[in-house]
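Starting off with a structure, shown below.
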Amino acid sequence: MPSILSVFTKLADYLVFDLLKFTPESHWGGSLHFFVEDITKIYALLVVMIYVIGFLRASLNVEKVRDFLQGKGKLLGYVMASGFGAVTPFCSCSSIPLFLGFTQARIPLGITMAFLITSPIINEVVVVLLASILGIKFLVTYILVGMGAGILGGFFFDFIKGERWLQDFVKNIPAAPASCGCEGSCTPTQSYQQKPSVEERHRFALSELKGIFKRVWIWVLVGVGLGALLHGVVPDDFVANYLQGDRFWSVPVAVFLGIPLYANATGIVPVAESLLAKGLPIGTTLAFMMSTVAASFPEFMMLKQVMKVKLLATFFAFLLVMFTMVGWILNLVF
Amino acid sequence: MKIEILGGGCKTCQDLYKNTEEAVKELGLSDVEMGKITDMQKIVSMGVLMTPGIAVDGKVVASGRLFTKKEIMDVLKK
């Protein structure tokens, strides 16, 4: 795979050094080269990845996930929910209907939480970015932590009987069978009924590609642009000198800052790359990334409608502790 | 015909509303009443887990993501 990707290096070499006549040693030359190479590489990878995942995912939807999870035992449930969360896209405004729907199907809170925790962390865009910018090792660590956080979260929330702290209307929601039969005529949605044909999968994949690309292209541009600036302009030991890349306090601080921040997983990856290159410890960087991506202020506001403040605060505390520990462990290990 | 957009009100739901309006106009459908359902409990009781969604005369016909004008037109044609 590295040999295929070197085509982007060569493209950047040609555009920046041959056509535009920058020198590799100059700050601007270095930044521009980084920018061109990364942007072309990432856009190309994104197109491929989003299409492929979209194609495969055409028959999966959240209603099916709920049906599948219903009645599953807890341990298996956490793992599956986290796994499903990893492959389904996440929109913070659908966290509420999702939460209610799962509860209605009498799926234990822990399993719902496993899904909710992992879902925003893992998606095809961030996978492409991590693999291409930070390397496979980082990607695997990220995925393991993302799923681990979901699974552990599942255990945690059921262990503390978190369902006591749901809003009353959620606790009292009448159980409903997975498929319809509830009030009125609720016809299963189109996508739920038939298994999609190849042509339908292709059309779905294309629309996913257009939709996602339209949403993220600018963030990738900004993120890579920022990364390029840092790459060429900020001196290599900036972090060591000014931020004192210390491995202890930087972690909880990074996590505390990261949780309420609403960051697109897309834009933050190239920034993380530059921070890493400038000396920020791996654990701290990963902890910051995960906490930024795992939760956001808008999402918390949405969840407040179904969770009592106590549960929401516990969720925040769980993420804080979880990612801080991950950061510390990784700082020690790497 | 009553067409309702199901969702909490975030940008995706608003975009879906716009796309649906355009789809209706392009299909030349008359006597269409457009509406919004934002009450989460009602949305869930209609069977939708992932907003936004579209319901025609109380029946959910599509849900899960922002559909394009063309996709909505295909759905409405049926």
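Only this structure's heavy atoms are used, side chains among them; waters, hydrogens and symmetry mates stay out. Fair warning: this is a prediction, and the values are worked out from it, not measured in the lab.
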**Non-neighbouring partners of A:Glu199 that pass side chain to side chain contact (heavy atoms under 4.5 Å, CB included), sequence neighbours left out** = A:Ser197, A:Arg203
Check: residues 80-91 of chain A side-chain donor-acceptor pairs under 3.5 Å, at least two apart:
unit_1: A:Ser82; atom_1: OG; unit_2: A:Thr118; atom_2: OG1; d: 2.8
unit_1: A:Ser82; atom_1: OG; unit_2: A:Met147; atom_2: O; d: 3.3
unit_1: A:Thr88; atom_1: OG1; unit_2: A:Phe84; atom_2: O; d: 2.8

**Fill in**
Taken to the nearest 0.5 Å, the spacing of A:Arg66 CZ from B:Met50 CE works out to 13.0 Å
**Prompt:** Is it the case that more than 12 heavy atoms not belonging to A:Phe68 sit under 6.0 Å from its CZ atom?
**Reply:** no
**Message:** Non-hydrogen contacts under 4.5 angstrom with chain B: give the residues of residues 96-103 of chain A involved, or none if there are none.
**Reply:** A:Ile96, A:Pro97, A:Leu98, A:Leu100, A:Gly101, A:Phe102
**Fill in**
Sorted by chain and number, sequence neighbours left out, ring pair (Phe, Tyr, Trp, His ring centres under 6.0 Å) with A:Tyr51 holds for A:His202
**Message:** Show the nearest heavy-atom pair for residues B:Leu49 and A:Glu63, with the distance to one decimal.
**Reply:** N-OE2, 3.0 Å
**Request:** Using a cut-off of 6.0 Å, state whether more than 12 heavy atoms not belonging to A:Lys171 lie near its atom NZ.
**Result:** yes
